[in-house]
Q: 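Sending over a structure as structure tokens; questions will come in a sec.
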There are 2 protein chains.
Amino acid sequence: MVTAGGQPQSQDSRDEILKAAIHLFATRGFHETSMSEVAREAKVSKALIFWHFKTKEELFLAVLNKLLEPYVIDFAEESEKLDPREQIKKLIGGYVNFVRENASSVSFFLRRFMSGEEMPEAFTEQIRRLYDLYKALLTDRIRMGQEQGLCSCSNQPGVTANFVLAALNGLLINLLFMSQAQIDLDSALDMLYGLLFGATTGDASAH
Amino acid sequence: MVTAGGQPQSQDSRDEILKAAIHLFATRGFHETSMSEVAREAKVSKALIFWHFKTKEELFLAVLNKLLEPYVIDFAEESEKLDPREQIKKLIGGYVNFVRENASSVSFFLRRFMSGEEMPEAFTEQIRRLYDLYKALLTDRIRMGQEQGLCSCSNQPGVTANFVLAALNGLLINLLFMSQAQIDLDSALDMLYGLLFGATTGDASAH
DNA sequence: AGATGGATTGACCGATGGGTTAGGGATGGG
DNA sequence: CCCATCCCTAACCCATCGGTCAATCCATCT
């Protein structure tokens with residue numbers, strides 16, 4: 001219909017399809033979304049989807065690709081000058097912001113993950129590596145903070161990092177999926193910082 | 001086949017069906033489980049399932065019923081004598097144990113919930129009430145602890161309870177769904193207690 | 001023995017799912 | 001002008017899904 005100029009509109013339609021797919025997969029889930037629905041939402045014929053993507057699974061992979069590619073998350077900055085507390089706050093804040101800004105991508109991914117469905121090995125690997133990297137960075141900063149007497153928590157850094165991540169995940173799942181009974185993220189993060197740095201509100205004041 | 005005596009085996013087959021359904025729904029999800037699969041696993045004909053339960057949805061409800069009915073969770077005990085810290089520990093421990101012991105039921109419920117699928121209002125209401133009750137109890141005990149100077153965390157009790165619950169949920173989701181990269185629940189709980197009571201390991205030693 | 005009624009089944013049905021096919025326009029190159 | 005190639009579609013295909021039905025089995029009641 002809206003052929004912009006004389007160009008072939010392959011990429012146009014491809015993008016429309018991807019957009020519709022990410023939306024539907026994220027809000028309804030993979031299995032609950034039919035190709036006909038995707039076609040309807042993308043305003044193309046079902047056959048065209050199968051022309052762009054051989055199977056539904058391949059569409060899923062393409063969506064995954066499109067979602068993941070722009071976010072080469074830059075956790076590992078050169079912020080060596082900041083003190084560990086600030087670095088930890090940056091790490092946690094980065095995680096939270098990432099989830100916040102990419103809510104639909106994350107729930108898309110999370111749904112599929114929690115549904116027990118198989119994911120392509122390459123992607124789980126990629127995600128796991130990202131997650132491990134993040135955990136390692138967090139662990140390291142916590143260790144630094146402990147060595148410098150800035151972190152009040154005396155547990156092993158790895159254990160602490162695990163806990164922090166689990167708590168974050170709990171908070172973010174609340175954020176993503178529990179539209180009612182939302183908890184206030186900022187005060188919750190304050191608590192997390194309090195756990196790490198020894199103060200329960202605002203700035204640290206350990207010693 | 002194994003007709004125990006002369007009794008009609010209606011309840012036998014009904015239970016077999018429910019057993020198969022809870023297993024499949026919990027491990028594969030609602031939509032990913034077909035009635036034929038349930039029939040196969042329960043070793044009955046598909047038609048018999050529809051004789052016991054009018055629709056797949058009704059089977060789902062029956063499973064939900066069977067799962068929820070036995071657990072009139074006894075959070076609100078008469079343990080007024082215990083000091084608030086112990087009561088909080090009991091509350092948290094009870095939550096964790098409940099999820100642990102009913103892992104398949106909980107993931108069954110959680111999957112359906114996270115898939116965005118509708119739940120019967122009565123049940124969401126019931127769960128929400130249970131959850132609210134639990135949160136209220138937790139909030140109350142935390143407030144008591146703060147008043148008696150036993151809880152180091154100085155946030156509003158409600159905020160603290162929210163955070164504790166979110167952290168718990170994160171931990172339990174890790175427990176239920178992330179078979180790889182399991183984190184050690186006990187040390188994580190220790191951290192939570194540390195956050196609440198001011199000690200990072202073992203027993204409290206605030207004052 | 002015959003009738004009753006719950007329990008159980010194989011065979012069937014319409015709808016829907018993912019996926020295919022044959023072909024129609026547009027564009028561009030020879 | 002014709003042919004090839006890229007987009008794109010309506011119509012079709014077949015497996016599977018949730019669900020139905022008529023018939024059977026079997027213990028019990030009369």
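Chain identifiers are assigned alphabetically (A, B, ...) following the order of the sequence lines, protein sequences preceding nucleic acid strands; residue numbering begins at 1 within each chain. Everything quoted here is computed from the prediction, not taken from an experiment. Note that these values count all heavy atoms, side chains included, but never hydrogens, waters or copies made by symmetry.
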Q: Just the rounded figure in Å: distance from C1' of D:dC8 to CD of A:Glu16.
A: 15 Å
Q: Considering only heavy atoms from C-beta outward, does the side chain of B:Leu64 approach that of B:Phe108 to under 4.5 Å?
A: yes
Q: Show each protein N/O and nucleotides 3-5 of chain D N/O combination with a separation under 3.5 Å, one pair to a line.
A:
none

Q: How close do B:Met178 and B:Gln182 get, counting heavy atoms only, and between which atoms?
A: O-NE2, 3.2 Å
Q: Can you list the residues that meet the side-chain contact (heavy atoms from CB on, under 4.5 Å) rule with B:Ala62, with sequence neighbours excluded?
A: B:Arg14, B:Leu18, B:Phe53
Q: Without decimals, in angstroms, what is the distance between B:Lys56 NZ and D:dT20 P?
A: 15 Å
Q: Could you state the CZ-P distance from A:Phe25 to C:dG18, rounded to the nearest angstrom?
A: 9 Å
Q: A:Glu37 CD to C:dG17 P: how many Å, rounded?
A: 7 Å
Q: So, for B:Arg111 and B:Thr27, which heavy atoms are closest and what is the spacing to 0.1 Å?
A: NH2-O, 3.5 Å
Q: Under 4.0 Å between a side-chain N or O of B:Ser13 and OP1 or OP2 of C:dT8?
A: yes
Q: Can you tabulate the close N/O pairs, meaning under 3.5 Å, that link protein atoms to atoms of nucleotides 9-13 of chain C?
A:
{"unit_1": "C:dT9", "atom_1": "OP2", "unit_2": "B:Ser45", "atom_2": "N", "d": "3.0"}
{"unit_1": "C:dT9", "atom_1": "OP2", "unit_2": "B:Ser45", "atom_2": "OG", "d": "3.2"}

Q: Applying side-chain contact (heavy atoms from CB on, under 4.5 Å), can you list everything that pairs with A:Glu37, at least two apart in sequence or on another chain?
A: A:Leu24, A:Arg28, A:Thr33, A:Ser34, A:Arg40
Q: Tell me whether B:Lys56 contacts the main-chain N or O of B:Phe30 through its side chain, where contact means a donor paired with an acceptor under 3.5 Å.
A: yes
Q: Starting at atom CZ of B:Phe60, determine the distance to atom P of D:dC17, rounded to an integer number of angstrom.
A: 19 Å
Q: Got a sec, which residues hit side-chain hydrogen bond (donor to acceptor under 3.5 Å, both in side chains) with A:Glu57, two or more places apart in sequence or on another chain?
A: A:Arg112
Q: Without decimals, in angstroms, what is the distance between A:His31 NE2 and D:dC17 P?
A: 11 Å
Q: Can you list everything that forms a side-chain hydrogen bond (donor to acceptor under 3.5 Å, both in side chains) with A:Asp140? Sequence neighbours excluded, please.
A: A:Arg143
Q: Rounded to whole Å, please give me the gap between CZ in B:Phe50 and P in D:dC17.
A: 11 Å
Q: For B:Lys19 and B:Asp15, run salt bridge (charged side-chain N to carboxylate O under 4.0 Å, His left out): C-alpha distance rounded to whole Å, both residues' side-chain angles, the deciding distance at 0.1 Å, then the answer.
A: CA-CA 6 Å; B:Lys19 225 168 62 184; B:Asp15 276 356; over 6 Å; no
Q: Provide, to the nearest angstrom, the distance between the CG atom belonging to A:Leu24 and the P atom belonging to C:dG17.
A: 12 Å
